[in-house]
Amino acid sequence: MTKVTMTVNGKTVSGEVKGNTLLTEFLREDLRLTGTHVGCDTSQCGACVVHVNGEAVKSCTMFAAEAEGAEVTTIEGMANEDGSLNVIQQAFQDYHGLQCGFCTPGMVMSAAALLKENPKPTEAEVRDYLEGNICRCTGYHNIVHAIMAASGQDVPAVAAE
C-alpha cells in the first residue's frame with residue numbers, strides 16, 4: 001500500500017492505495033466523489049475526465065499514486081462557491097446538452113478545459129475537441145450548442161435537429 005496525498009476540489013485528502021489503484025477508483029470509492037463516471041475502463045468514452053493540475057485527464061488512465069501532490073478538480077468542484085451551477089453547467093441545462101446524464105460530467109470537464117485553452121471556439125473546434133468523449137444519447141448537437149453558449153457566443157436555443 002502507498003499513501004497518497006492530493007488536493008481535491010480545494011481540500012487536502014489522503015489515503016492508502018494499492019499500486020494499481022486508478023485515480024477514478026480513488027475518487028469514487030475512497031473519496032465518494034461519484035460524479036466522475038466509469039464508462040469503459042479503456043480510455044475510450046471520456047466519462048471519467050477530471051482536471052489534474054489544470055489539465056483534462058481521463059482518470060481511468062492514471063494511477064492514484066501519480067496524482068501525489070497534485071491539484072485535482074472533479075465535477076463536484078465545478079459549481080460556483082454558493083453552490084449554483086457554473087456557466088458551463090448552466091449552459092448544459094439551458095441548451096439541454098444532456099439526456100441520460102452519464103457522459104455529462106466528463107463533457108463538462110472537457111468543455112472547461114477547451115474554454116480555458118480556447119475561449120471562443122468555433123463549432124468545428126468544439127466538435128474536434130470532444131472527439132475523446134462519447135455521448136450515446138444526444139448526438140452532440142445540444143452539447144456543442146451548450147459549449148458555444150458557455151463561451152459567450154450567440155446560439156439559438158433549439159432542440160436537436
Side-chain angles (χ1 to χ4, degrees), residues 1-95 97-119 121 125-126 128-138 140 143 146-147 149-152:
M1 299 290 278
T2 302
K3 182 176 181 178
V4 294
T5 302
M6 61 189 78
T7 303
V8 179
N9 300 329
K11 297 177 184 169
T12 301
V13 298
S14 295
E16 295 282 330
V17 297
K18 293 179 183 175
N20 65 348
T21 301
L22 297 173
L23 181 56
T24 304
E25 294 173 70
F26 182 68
L27 295 171
R28 291 182 57 81
E29 296 171 20
D30 293 18
L31 302 183
R32 302 314 232 177
L33 296 172
T34 57
T36 301
H37 293 160
V38 179
C40 66
D41 278 332
T42 60
S43 188
Q44 302 296 311
C45 75
C48 68
V49 173
V50 299
H51 295 175
V52 178
N53 294 328
E55 300 293 323
V57 171
K58 290 181 178 178
S59 59
C60 75
T61 65
M62 182 177 192
F63 293 119
E66 292 178 284
E68 172 65 33
E71 295 272 341
V72 178
T73 304
T74 69
I75 191 67
E76 291 89 348
M78 293 298 288
N80 294 320
E81 292 213 11
D82 65 0
S84 63
L85 300 177
N86 76 12
V87 67
I88 298 168
Q89 293 168 313
Q90 188 63 56
F92 268 69
Q93 181 176 353
D94 294 346
Y95 287 84
L98 51 93
Q99 199 157 357
C100 80
F102 192 81
C103 73
T104 305
M107 289 287 186
V108 168
M109 299 305 288
S110 291
L114 167 62
L115 296 179
K116 179 181 167 190
E117 227 176 81
N118 182 355
E125 290 170 329
V126 171
D128 183 60
Y129 197 89
L130 293 179
E131 190 172 304
N133 293 73
I134 295 174
C135 175
R136 292 165 179 88
C137 300
T138 70
Y140 301 92
I143 292 169
I147 295 168
S151 75

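Only heavy atoms go into these numbers, but all of them, side chains included; no hydrogens, no water, no symmetry mates. In this text, all values refer to a predicted model and were calculated from it rather than measured experimentally. Positions are given from 1 along the sequence.
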List the atom of Ile143, the atom of Met107, and the distance in Å for their closest heavy-atom pair. CD1-CE, 3.9 Å
Backbone N or O of Met6 within a donor-acceptor pair of the Glu68 side chain at under 3.5 Å? no
Short side-chain donor-acceptor distance under 3.5 Å, Thr74 and Asn9: yes
Any side-chain heavy atom of Val52 within less than 4.5 Å of one from Leu23? yes
Minimal heavy-atom distance between Tyr95 and Ala149, with the atoms involved, is CE1-CB, 3.2 Å
Between Tyr140 and Cys135 (side chain of the first, backbone of the second, donor and acceptor by atom type, cut-off under 3.5 Å), is there such a pair? yes
Close side-chain approach of Pro121 and Ser151, heavy atoms under 4.5 Å: yes
Exercise: identify the closest heavy-atom pair between Ala146 and Ala91: O-CB, 3.2 Å
Qualifying residues under side-chain contact (heavy atoms from CB on, under 4.5 Å), relative to Glu55, sequence neighbours excluded: none
With no hydrogens and no angle check, is any side-chain donor or acceptor of Ser59 less than 3.5 Å from a backbone partner on Val49? no
Are Ser43 and Thr61 packed together at the side-chain level, in the sense that at least one heavy-atom pair is separated by less than 4.5 angstrom? yes
Taking the side chain as every heavy atom from C-beta outward, state whether Asn118 and Tyr129 have any pair of such atoms under 4.5 Å apart. no
Euclidean distance, Lys58 NZ relative to Thr36 OG1, rounded to 0.5 Å: 14.0 Å
So how far is it from Thr21 OG1 to Leu27 CG, rounded to the nearest 0.5 Å? 11.5 Å
To check you understand the geometry: which heavy-atom pair defines the closest contact between Ala112 and His51, and what is its length? CB-CE1, 3.7 Å
Test your reading of the model: is there a side-chain donor-acceptor pair from Asn86 to the backbone of Gln89, 3.5 Å cut-off? yes
For residues 11-18, which side-chain donor-acceptor pairs fall under 3.5 Å, sequence neighbours excluded?
unit_1	atom_1	unit_2	atom_2	d
Ser14	OG	Thr5	OG1	2.8

Gap separating the OG1 atom of Thr24 from the CG atom of Leu33, nearest 0.5 angstrom: 11.5 Å
Restricting to non-hydrogen atoms, name the atom on Asn20 and the atom on Glu25 that form the minimum distance, rounded to 0.1 Å. O-OE2, 4.0 Å
Atom pair CD (Gln93) and OG1 (Thr104), whose distance is rounded to the nearest 0.5 Å: 11.5 Å
Thr34 OG1 to Arg28 CZ distance, which is reported to the nearest 0.5 Å: 5.5 Å
Look at the side chain of Gln44 and the backbone N and O of Thr42, then say whether any donor-acceptor pair between them is shorter than 3.5 Å. yes
Please confirm whether the backbone N or O of Asp82 pairs with a side-chain atom of Asn80, one donor and one acceptor, at under 3.5 Å? no
Determine, stepwise, if the pair Ser110 / Leu130 fulfils side-chain contact (heavy atoms from CB on, under 4.5 Å). CA-CA 7 Å; Ser110 291; Leu130 293 179; 4.1 Å; yes
Side chain of Asn53, backbone of Ala70: donor and acceptor closer than 3.5 Å? no
Smallest heavy-atom separation, Gly46 atom then Asn133 atom, equals O-ND2, 3.3 Å
Output yes when a side-chain donor or acceptor of His37 lies under 3.5 Å from a complementary backbone atom of Phe102, and no otherwise. yes
Met78 side chain near Thr73 side chain, heavy-atom distance below 4.5 Å: yes
So how far is it from Glu29 CD to Leu31 CG, rounded to the nearest 0.5 Å? 10.5 Å
